[in-house]
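Notes follow once the structure below has been shown.
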Number of protein chains: 2
Amino acid sequence: MKQLKISEAVVRRLPVYLQVLNELTMREVHTVSSQELGRKLNLNPAQIRKDLAYFGEFGRKGIGYDVDYLIEKIRQILNLDKTHYAALIGAGNLGHALCNYNSYIRDDVQITAVFDANPNKIGTTINGLTVQPMEALSEQIRSQGIRIGIITVPASEAQNVANELVSAGVDGILNFAPAILKVPDEVRIHHANFTTELLSLAYYIENERLERDE
Amino acid sequence: MKQLKISEAVVRRLPVYLQVLNELTMREVHTVSSQELGRKLNLNPAQIRKDLAYFGEFGRKGIGYDVDYLIEKIRQILNLDKTHYAALIGAGNLGHALCNYNSYIRDDVQITAVFDANPNKIGTTINGLTVQPMEALSEQIRSQGIRIGIITVPASEAQNVANELVSAGVDGILNFAPAILKVPDEVRIHHANFTTELLSLAYYIENERLERDE
DNA sequence: TAGATTGTTAATCGATTAACAATC
DNA sequence: TAGATTGTTAATCGATTAACAATC
């Protein structure tokens, strides 16, 4: 498998490919062309071929891609053929939603520990996991080999939680709080901030209407 | 205010600027330079200046930007100086989380109606809003002038819900379900799919470790 | 063989960054 | 005046798309 420097844009599209490919398997579709994928994803077929070709030759000329084989390959590229363990901090509604979703759907990323600062929540159960106090964070992360932290606390707490996760030694953080967090270079941080999506939607709703009215 | 065609990348950064600027006001910081903003956001100062300059001259040479004035201007650009009404479909944990967050924090985008297909949920209250049956969707959207739909149902239902929203006449959809939805060109759809972020995180965690070990 | 579709190179397009005159 | 910082043009960089030989 080739390993040049892969652009972020490519890496972010791979999970989306995976999503569509999984749908295809469920519908017992076994072969797909870049054109077909492009239609489903609103992407240029050449882009899809190029994205995949960074990692190897996965298709067959004249035929297309074998869906199951491609799923396997993309999962390998994303390192999803091993399980990643994650800790979730913040047992609110969003935390609940993620735990539920996670336990039913994903086996490649598993939330195995939940923490909260609120004494009333400690000891309660979410999806089979007992909510633990923040004091237990560091020890649990180390002993369970957890490498991902998921932050679902209010914005005001988020940086503190990130700091604790970093010193406990996680390699990646997925932050849902509406705040830009500072972490050392060697820790990867992704922001899943729906406010951004919601507010940019407001821009387009008005402005596209204007364009049409012209 | 100039109105060329603005790139998506720029529009997506504006809400992030807003976030940081709001933080600054709360800390009673009244002036900020592009350099300072760039440090906070991990962005090139030139890019920030260029982004803002698309819409007008908001800064003062030698001084920087007035925080409150810039907030006001960005809010105008994003059309946040009027309230946008939104309907949320899917009263699960994620729906709860969004309603709560929304009612406390945002007044520019207001969720004013909640729907669910599950009869057990209908009539229950989320944050002061009574959960309504799907049959009421179209009428409510029209009578309340709702233009945004927020989808928090399972992936299998998401396309159907999107179709109903479109025929009820919304202009924009924010989709949280892990599925690519098809909507007509004149409807704007944004995907807030954290699975993408989580899985691409798995890629970087392993691959950056490899890079460091080399 | 004819039709389809990949992998890949070259061309295009767009976005980011550097540089600097203008000016507070 | 000297220092700082904007707005903007030009240069660079990177990502997308078109085109096509290879081949199933």
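Letters go in sequence order (proteins before strands), and every chain restarts at 1. Note that these values count all heavy atoms, side chains included, but never hydrogens, waters or copies made by symmetry.
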Quiz prompt | Dot-bracket encoding per residue of DNA chain D, Watson-Crick/G-U cut-off under 3.5 Å, | denoting interstrand | solution = ..||||||||||||||||||||||

Quiz item: What heavy-atom pair brings A:L174 and B:F194 nearest, and what distance separates the two atoms?
Solution: CD2-O, 4.4 Å

Quiz prompt | C:dG7 phosphate, OP1 or OP2, under 4.0 Å from A:Y65 side-chain N/O | solution = yes

Identify the pairs formed between an N or O of the protein and an N or O of nucleotides 19-23 of chain C at a distance under 3.5 Å, and give each distance.
unit_1 : atom_1 : unit_2 : atom_2 : d
C:dA19 : N6     : B:R49  : NH2    : 3.2

Self-check item: Residue met sooner reading DNA chain D from 5', once A:Q47 and B:R60 are mapped to nucleotides
Solution: B:R60

Practice problem: Examine D:dT6: is either OP1 or OP2 under 4.0 Å from a nitrogen or oxygen in the side chain of B:S34? Give yes or no. | Solution: yes

Quiz item: Considering only heavy atoms, which members of residues 12-30 of chain B lie under 4.0 Å from some atom of DNA chain D?
Solution: none

Quiz item: Given D:dG7, C:dG7, D:dT17, which nucleotide is nearest the side-chain atoms of A:N44?
Solution: D:dT17

Quiz item: Closer than 4.0 Å, any side-chain N/O of B:S7 to the OP1 or OP2 of C:dA15?
Solution: yes

Exercise. Map A:G64 and A:K50 onto DNA chain C by nearest heavy atom, then report which one ends up closer to the 5' terminus.
Key: A:G64

Quiz item: What are the two closest non-hydrogen atoms of A:C99 and A:V114, and how far apart are they?
Solution: SG-CG2, 3.9 Å

Quiz item: If every non-hydrogen atom of A:K182 is compared with every non-hydrogen atom of B:R39, which pair is closest and at what distance?
Solution: NZ-O, 2.6 Å

